[in-house]
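Remember, predicted model here, so these are calculated numbers, not experimental data.
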Amino acid sequence: EMEIKKMAKTGNKDVCKVLAKQLVQLRKQKTRTYAVSSKVTSMSTQAKLMNSQMKMAGAMATTTKTMQTVNKKMDPQKTLQTMKNFQKENMKMEMTEEMMSDTLDDIFDESGDEEESQDIVNQVLDEIGIEISGKMANAPSAAKGLPTASTSKSQISDEEIERQLKALGVD
């Protein structure tokens, strides 16, 4: 373009026309190059897509063969029987465990260890002059239920919450 302007200033029209034609051809060639480049990129993407689809088809074929082999070797009736046997044996084990646990509990409960330990605690407390039964009757008991928002007698304001947060060092 600069050369065309130079030649136009010098008055050389023929050279200007030739240079203008070359410029138009160069622009067209540039446009064609971009078009071809985008088509090549598109073809490359399509080739990659086809390759991945072929790999997926191969993986699906292998999976199908594996599933067929497993289905041929697996007998549903035998599997069902195995599961029933497992459930039966598991129930037996649970019953045995429960019986053992009950037996151990009975043995330890019959030994009188708890009564003996309570007697020792009472003797020690009597020695130091603390009477539990009398004082425990006067002790306050725990609340029967948790307070809910509807049963609370006072509402805490936002300012009070902010003041408490600041006192705790939380901004």
Side-chain angles (χ1 to χ4, degrees), residues 30-31 33-35 37-171:
K30 192 175 184 181
T31 304
T33 302
Y34 285 139
S37 174
S38 65
K39 287 181 183 179
V40 168
T41 303
S42 173
M43 289 173 54
S44 171
T45 304
Q46 287 178 352
K48 288 178 184 177
L49 178 64
M50 288 174 58
N51 185 26
S52 66
Q53 287 176 343
M54 287 176 25
K55 286 181 180 180
M56 181 63 80
M60 289 173 65
T62 303
T63 303
T64 302
K65 288 178 185 176
T66 304
M67 290 172 69
Q68 287 174 346
T69 303
V70 168
N71 285 335
K72 285 179 185 176
K73 291 184 179 185
M74 188 174 88
D75 181 18
Q77 294 299 324
K78 188 176 179 182
T79 304
L80 179 63
Q81 186 61 38
T82 302
M83 292 178 76
K84 283 182 180 180
N85 288 341
F86 174 79
Q87 186 178 15
K88 179 180 162 184
E89 294 302 321
N90 193 29
M91 286 177 61
K92 282 182 185 179
M93 186 177 76
E94 286 177 4
M95 287 173 40
T96 304
E97 183 180 331
E98 187 176 330
M99 286 174 33
M100 288 176 60
S101 177
D102 289 345
T103 303
L104 289 173
D105 287 345
D106 289 345
I107 289 171
F108 288 125
D109 286 345
E110 290 176 7
S111 68
D113 287 346
E114 188 173 317
E115 290 177 19
E116 188 178 337
S117 63
Q118 184 62 36
D119 288 341
I120 293 173
V121 168
N122 287 338
Q123 180 184 359
V124 169
L125 292 177
D126 286 342
E127 288 176 5
I128 58 174
I130 297 177
E131 184 181 322
I132 292 182
S133 58
K135 291 185 179 180
M136 292 301 282
N138 296 332
S141 62
K144 298 285 184 192
L146 296 175
T148 60
S150 62
T151 61
S152 66
K153 294 180 182 175
S154 65
Q155 295 287 332
I156 298 176
S157 67
D158 290 343
E159 293 82 23
E160 178 65 19
I161 292 173
E162 288 178 16
R163 186 190 62 74
Q164 290 177 0
L165 287 173
K166 284 181 183 175
L168 291 173
V170 178
D171 290 329

Q.
Looking at E98, I want to see if its CD is surrounded by more than 12 non-hydrogen atoms of other residues, nucleotides or ligands under 6.0 Å.
A.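 12 or below, so no.
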(Q) Tell me if the CE atom of M74 is crowded by more than 12 foreign heavy atoms within 6.0 Å. (A)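 Atom CE in M74 is packed in, count exceeds 12.
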Q: Only counting residues at least two apart or in another chain, list the ones meeting salt bridge (Lys or Arg N to Asp or Glu O under 4.0 Å) with K88.
A: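 In terms of salt bridge (Lys or Arg N to Asp or Glu O under 4.0 Å), with neighbours along the sequence ignored, K88 is linked to no residue.
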Q) How would you list, by chain and number, every residue that makes a salt bridge (Lys or Arg N to Asp or Glu O under 4.0 Å) with E162, sequence neighbours excluded? A)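 For E162, no residue satisfies salt bridge (Lys or Arg N to Asp or Glu O under 4.0 Å) once neighbours in sequence are set aside.
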Q: Measure the shortest side-chain to side-chain distance between L49 and S52 over non-hydrogen atoms and say whether it is less than 4.5 angstrom.
A: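 A side-chain contact exists here, since the closest heavy-atom pair is under 4.5 Å.
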Q: Flag the pair I161 / L165 as yes when at least one side-chain heavy-atom distance between them is below 4.5 Å, and no otherwise.
A: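 Yes, at least one pair of side-chain atoms sits under 4.5 Å.
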Q | Point-to-point distance, once rounded to the nearest 0.5 Å, from CG of D102 to CD of E97 | A |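 These two atoms lie 10.5 Å from each other.
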Q | Between CD on residue Q46 and CG on residue N51, distance to nearest 0.5 Å | A |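 These two atoms lie 13.5 Å from each other.
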Q. Is there a donor in the side chain of Q164 and an acceptor in the side chain of E160, or the other way round, less than 3.5 Å apart?
A.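 Result is yes, a qualifying pair exists.
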Distance-only check: which donor-acceptor pairs under 3.5 Å involve side-chain atoms of residues 60-72, not counting sequence neighbours?
from	atom 1	to	atom 2	distance (Å)
T62	OG1	G58	O	3.0
T63	OG1	A59	O	2.8
T64	OG1	M60	O	2.7
T66	OG1	T62	O	2.9
T69	OG1	K65	O	2.9
N71	ND2	M67	O	3.3

